[in-house]
Amino acid sequence: MSSSHRMRAGFEERISRDAGQYYDEEEEFFDSDDDDGSESDAGHLEHDPLHDELNHAVREHVFNKMPIRLLLLPEIKLIERGAVVEHVMRSITGKIDQQHFDSLIAAELAVNQLPRRLENESEAKKDVISDILQEHAGYAILSHTWLQRKPEVVYRDMITPRKWQSIRARRGAGYRKLAKFCEVAAGDHGVSFAWMDTVCINKDSTSELDESIRSMYRWYRDSYVCITYLADTASLDDMPEDRWFTRARLRCLYISTS
């Protein structure tokens with residue numbers, strides 16, 4: 001079995017297991033109410049200075065610079081910003097402790113040949129946190145044209161478990177586009193989040209639609225990678241005639257429907 005077939009099979013297994021699940025929580029990360037008075041690991045982490053500093057940076061980044069709603073990969077599960085913060089923090093705290101963080105700051109100072117002074121350390125810390133956010137909170141974004149005469153998967157489909165299961169089982173063109181985008185984002189670029197306008201915007205909410213329209217340029221600009229889906233392209237020879245090229249183009253990765 002080729003690597004692409006194994007990856008596709010893995011995605012189908014995860015999607016099947018998690019079909020229809022949806023998060024819309026906005027809870028704080030490690031928001032624990034222990035009634036027994038014992039000090040949990042979560043409670044301990046909440047009072048760790050590095051954890052608090054990273055949590056503040058993550059929340060500011062997610063709520064100010066990332067889309068309202070994202071797809072969690074590889075499950076293809078819609079999550080709100082509060083859940084994005086939680087997943088990013090779990091990823092960070094699983095890999096970075098105080099010793100590792102300090103070594104990253106020291107390396108940043110060394111690369112820039114800066115003496116170890118308070119003002120230099122402060123700037124180096126900002127750069128390190130920015131790099132951490134790029135690694136753990138990066139998201140892929142899709143540039144595409146809407147399918148002609150074939151239904152797209154939309155937000156309402158994703159939050160209706162029975163309908164989402166039916167769409168996944170039928171594997172129509174809209175679902176194949178969504179699944180291929182998520183497969184490439186997670187498998188080729190290693191990101192845990194993705195954004196696609198058809199499924200990530202609740203168009204029933206006028207305020208959300210307005211914010212999405214006003215923020216879309218920034219969301220594309222700040223994405224880790226932009227992936228373009230060429231719906232009319234099955235080979236390189238077809239590419240110049242694809243409908244996508246009639247729209248404003250973005251610098252991104254092309255993937256074929258084959």
Of the non-hydrogen atoms in Met158 and Ile76, which two are nearest, and what is the gap between them?
-> CE-O, 3.7 Å
Here the gap from Cys182 atom SG to Glu75 atom CD, rounded to the nearest 0.5 Å, amounts to 10.5 Å
Write down the atom of Ser223, the atom of Cys226, and the distance for their closest heavy-atom approach.
-> OG-N, 4.1 Å
Can you spot which of Thr198, Thr228, Ile227, Leu230 makes a side-chain contact (heavy atoms from CB on, under 4.5 Å) with His144?
-> Thr198
With sequence neighbours excluded, what pairs up with Asp197 under the salt bridge (charged side-chain N to carboxylate O under 4.0 Å, His left out) test?
-> none
Please lay out, stage by stage, how Leu142 and Trp195 fare under the test side chain to side chain contact (heavy atoms under 4.5 Å, CB included).
-> CA-CA 6 Å; Leu142 184 69; Trp195 187 88; over 6 Å; no
Is Ile68 close to Glu208 at the side-chain level, that is, under 4.5 Å between some pair of heavy atoms?
-> yes
Sidechain-backbone polar pair: Arg69 side chain, Glu80 backbone, donor-acceptor under 3.5 Å = no
State which residue, out of Leu70, Ile141, Leu71, fulfils the side-chain contact (heavy atoms from CB on, under 4.5 Å) condition with Phe193.
-> Leu70
Applying salt bridge (charged side-chain N to carboxylate O under 4.0 Å, His left out), name anything that partners Glu135, two or more places apart in sequence or on another chain.
-> none
Do Met66 and Tyr220 belong to the same hydrophobic cluster, where Ile, Leu, Val, Met, Phe, Trp and Tyr are linked whenever their side-chain heavy atoms lie under 4.5 Å apart, directly or via other members?
-> yes
side-chain hydrogen bond (donor to acceptor under 3.5 Å, both in side chains) involving His136 - partner list, sequence neighbours excluded | Ser91
Arg214 meets the side-chain contact (heavy atoms from CB on, under 4.5 Å) criterion, sequence neighbours left out, with Asp210, Glu211
Residues Glu60, Lys65: salt bridge by 4.0 Å N-O rule = no
Judged by atom type as modelled, is there a donor-acceptor pair below 3.5 Å linking the side chain of His100 to the main-chain atoms of Lys95?
-> yes
Salt bridge present between Glu53 and Lys125 (N-O < 4.0 angstrom) | yes
Nearest 0.5 Å please: distance from the CG atom of Asp157 over to the CD1 atom of Ile167.
-> 3.5 Å
Closest non-hydrogen atom pair, Val191 against Ala185 = CG2-O, 3.3 Å
Taking every heavy atom of Arg218 against every heavy atom of Asn64, the minimum-distance pair comes out as NH1-O, 2.9 Å
Please report the C-alpha distance between Met89 and His51 in whole Å, then the side-chain angles of each, then the deciding distance to 0.1 Å, and finally whether the side chain to side chain contact (heavy atoms under 4.5 Å, CB included) criterion is met.
-> CA-CA 9 Å; Met89 282 303 299; His51 177 274; 3.5 Å; yes
Judged by atom type as modelled, is there a donor-acceptor pair below 3.5 Å linking the side chain of Arg81 to the main-chain atoms of Pro67?
-> yes
Please report the shortest heavy-atom distance between Val153 and Gly174, naming the atom on each side.
-> CG2-C, 3.7 Å
Between atom CG of Asp222 and atom NE2 of His61, what is the distance when rounded to the nearest 0.5 Å?
-> 7.5 Å
In one Ile/Leu/Val/Met/Phe/Trp/Tyr side-chain cluster, 4.5 Å: Tyr229, Val154 = no
Distance from Arg59 atom CZ to His56 atom NE2, nearest 0.5 Å?
-> 10.5 Å
Is it the case that Ser166 and Arg170 place a side-chain donor and acceptor less than 3.5 Å from each other?
-> yes
May I ask whether Ile105 and Leu50 are part of the same hydrophobic cluster, defined by side-chain heavy atoms of I, L, V, M, F, W, Y residues being less than 4.5 angstrom apart, directly or through others?
-> yes
Decide yes or no on side chain to side chain contact (heavy atoms under 4.5 Å, CB included) for Glu152 and Met196, but give the supporting numbers first.
-> CA-CA 11 Å; Glu152 294 276 358; Met196 179 177 176; 4.1 Å; yes
So, Trp244 versus Ser143: side-chain donor-acceptor pair below 3.5 Å or not?
-> yes
His189 and Tyr224 have their tightest heavy-atom pair at O-CE2, 3.7 Å
Neighbour count >12 (heavy atoms, 6.0 Å) for atom CZ, Phe101 = yes
Pairing residues for Gln98 by the side-chain hydrogen bond (donor to acceptor under 3.5 Å, both in side chains) criterion, not counting sequence neighbours = Asp102
Only counting residues at least two apart or in another chain, list the ones meeting salt bridge (charged side-chain N to carboxylate O under 4.0 Å, His left out) with Lys126.
-> Glu123
d(Glu86 CD, Asn55 CG) to nearest 0.5 Å is 10.5 Å
d(Glu108 CD, Ile129 CD1) to nearest 0.5 Å is 11.5 Å
Could you walk me through whether Val84 and Tyr139 pass the side chain to side chain contact (heavy atoms under 4.5 Å, CB included) test, one step at a time?
-> CA-CA 11 Å; Val84 172; Tyr139 61 94; over 6 Å; no
State, yes or no, whether a side-chain contact exists between Tyr155 and Leu78 at a heavy-atom distance under 4.5 Å.
-> yes
